[in-house]
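Within every chain, numbering begins at 1; the chains are lettered A, B, ... in the order of the sequence lines, protein sequences first and strands thereafter.
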There are 2 protein chains.
Amino acid sequence: MRISTRARYGMRAMLALALDQGSAPLSVKQIAERQGLPEHYLEQLITPLRRAGLVQSARGAQGGYVLARAAEAITLQDVVEAVEGSFATEACDCPDGAPHLRGFCLEHALWHRLKQTVDDFLAARTLADLRDEALAAQSAAAPVYDI
Amino acid sequence: MRISTRARYGMRAMLALALDQGSAPLSVKQIAERQGLPEHYLEQLITPLRRAGLVQSARGAQGGYVLARAAEAITLQDVVEAVEGSFATEACDCPDGAPHLRGFCLEHALWHRLKQTVDDFLAARTLADLRDEALAAQSAAAPVYDI
DNA sequence: TCCAATTCCGATGAAATCACTAGAATTTAG
DNA sequence: CTAAATTCTAGTGATTTCATCGGAATTGGA
């Protein structure tokens, strides 16, 4: 039960885009620099984000990526699922039952419920929440004292 | 964010022991057979369970493992943490701040909270809960109709 | 005492994940 | 049109996790 680097890096990249909304597209290089991520690996991670329809790409010079829709409309579960591929791939082979106790399936009794808890947690939060929290923390860290 | 086989196999092994409480110790071979787990790998997983004080071993012929304390006193978090090693090993390097936005740390703002949610979920359940649920499912699947 | 059943320990192979490299395709700017 | 910037794709190491193997140490029973 650990958090993959795919999820962590992917989330950082999406946050970078959320913080930059409105201006020109951000290149992978810029995202990697801002978030301290390995550039070439990030390039690889952003592909599933594009395929999932979470970001939009612009090729060529001055190209890059922007969020495909408003940060309010992208849940953190969208992001994690895009880069990790549905996570619950541990399909349960209940019918056969060989590895299960008769009439009892640990996958269903425990792990699916845990997954549901995690999904609920992530689905209840959007990129906008993260963005706003980041902005609030930034302004608190560097308040303007000029009167 | 996926569930490791260490956690899944370790949990199954512990459940097997919880269901067997009171009789002779279970050997790794027996546990592996009952739960359909790779025997040699399980042997490797049970070592951290022993070191964490969750199971007690008896060496030699007729040896094996028993729960070190009552199933009611072993939370699922105890089990997962024993086999996975605290899970939150993603120590945050906030002070330096290089990979973080100024005054904002995604590890703390998101992943630590998610971890806390998972920990709460697992800590609120004990092996006894799983055992009782398994027993209930078994008797429901094979009810006694003799009057 | 000897044998079989075990735990226990270390090494090795196999598969997945993490990360980098190289280069083709595409687009903007001059 | 050319050059630079960039996405996009495929392939290759490096590292971690998953799983097996071999064998030493320990214990109960014949």
Side-chain angles (χ1 to χ4, degrees), chain A residues 1-13 16-17 20 24-66 68 80 82-87 89-90 99, chain B residues 1-13 17 20 23-33 35-68 80 82-87 89-90 99:
Chain A
M1 200 70 229
R2 76 183 216 293
I3 293 152
S4 70
T5 67
R6 291 180 76 88
R8 298 213 316 283
Y9 290 2
M11 194 64 76
R12 284 226 193 135
L17 292 177
D20 196 68
L26 280 184
S27 69
V28 166
K29 190 176 178 182
Q30 289 173 310
I31 298 172
E33 273 169 4
R34 294 187 186 189
Q35 295 284 331
L37 303 177
E39 181 180 339
H40 295 93
Y41 187 40
L42 179 58
E43 204 169 274
Q44 193 173 310
L45 287 184
I46 216 164
T47 299
L49 291 172
R50 173 171 48 84
R51 298 218 167 108
L54 300 183
V55 302
Q56 233 173 350
S57 68
R59 303 185 65 163
Q62 264 63 40
Y65 296 90
V66 294
V80 171
V83 293
E84 294 200 332
S86 95
F87 147 15
T89 38
E90 311 298 350
Chain B
M1 199 71 227
R2 76 184 216 291
I3 294 155
S4 70
T5 67
R6 291 180 75 88
R8 299 212 317 284
Y9 291 2
M11 195 64 76
R12 285 225 193 135
L17 292 177
D20 196 68
S23 46
L26 281 183
S27 70
V28 166
K29 190 177 179 183
Q30 288 174 310
I31 298 172
E33 275 172 1
Q35 295 283 331
L37 303 177
E39 183 180 337
H40 293 94
Y41 187 40
L42 180 57
E43 202 171 276
Q44 193 172 309
L45 288 183
I46 216 164
T47 298
L49 292 172
R50 173 171 48 85
R51 297 218 168 109
L54 299 182
V55 303
Q56 234 174 349
S57 69
R59 305 186 63 166
Q62 262 65 41
Y65 296 89
V66 294
L67 294 185
V80 172
V83 294
E84 293 199 333
S86 95
F87 149 16
T89 36
E90 313 297 349

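Between B:Ser57 and C:dC8 there is a side-chain N or O to OP1 or OP2 distance below 4.0 Å. Side-chain N/O atoms of A:Tyr65 include one lying less than 4.0 angstrom from OP1 or OP2 on D:dC8. For the pair A:Tyr41 and C:dC18, the criterion of a side-chain N or O lying under 4.0 Å from OP1 or OP2 is met. At least one side-chain nitrogen or oxygen of A:Thr5 sits closer than 4.0 Å to the OP1 or OP2 atom of C:dC18.
Rounding to whole angstrom units, CG of residue B:Leu45 and P of C:dC9 are separated by 15 Å. Here the C1' atom of nucleotide D:dT7 and the CG atom of A:Leu17 are 14 Å apart, to the nearest Å. The interatomic distance linking B:Tyr9 (OH) with D:dA19 (C1') rounds to 9 Å, in whole Å. Atom C1' of nucleotide C:dT6 and atom NE2 of B:His40 are separated by 12 Å, given to the nearest angstrom. Rounded to whole angstrom, the span from the CD atom of B:Gln56 across to the P atom of C:dT7 amounts to 14 Å. Between the P atom of C:dC8 and the NZ atom of B:Lys29 lies a distance of 18 Å, rounded to the nearest Å. Summarising the geometry, the separation between CD1 on B:Ile46 and P on C:dT6 is reported as 13 Å, rounded to the nearest angstrom.
Not a single side chain to side chain contact (heavy atoms under 4.5 Å, CB included) links B:Gln62 to another residue, sequence neighbours left out. Taking the side chain to side chain contact (heavy atoms under 4.5 Å, CB included) definition, one finds that A:Ala52 meets it with A:Leu54, A:Ala82, sequence neighbours left out. Residues passing the side chain to side chain contact (heavy atoms under 4.5 Å, CB included) test with A:Arg50 are A:Thr47, A:Val55, A:Ser57, sequence neighbours excluded. With sequence neighbours left out, the side chain to side chain contact (heavy atoms under 4.5 Å, CB included) criterion links B:Glu39 to B:Val28, B:Lys29, B:Ala32.
Nearest nucleotide to the B:Val28 side chain, out of C:dC18, C:dA19, C:dT7: C:dT7. The side chain of B:Ser27 sits closest to C:dT6 out of C:dT6, D:dC18, D:dA19.
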Can you name the atoms? Protein N/O to nucleotides 26-30 of chain C N/O, anything below 3.5 Å, with the distance.
from, atom 1, to, atom 2, distance (Å)
C:dT27, O2, A:Ala61, N, 3.1

> What string of B, S and - do you get for nucleotides 9-16 of chain D 5' to 3' if you count protein non-hydrogen atoms under 4.0 Å?
Replying inline: B-B-----
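Taking all atoms of both residues into account, the shortest heavy-atom contact from A:Ala68 to A:Gly53 is CB-O, 3.3 Å.
Judged by distance alone, with hydrogens and angles left aside, the side-chain atoms of B:Arg6 form a donor-acceptor pair with the main-chain N or O of B:Val83 at under 3.5 Å.
Comparing the end axes of the helix from C:dT1-D:dA30 to C:dG30-D:dC1, each fitted to five base pairs by superposing C1' atoms of four pairs onto the next four, gives an inter-axis angle of 0° (nearest 10 degrees).
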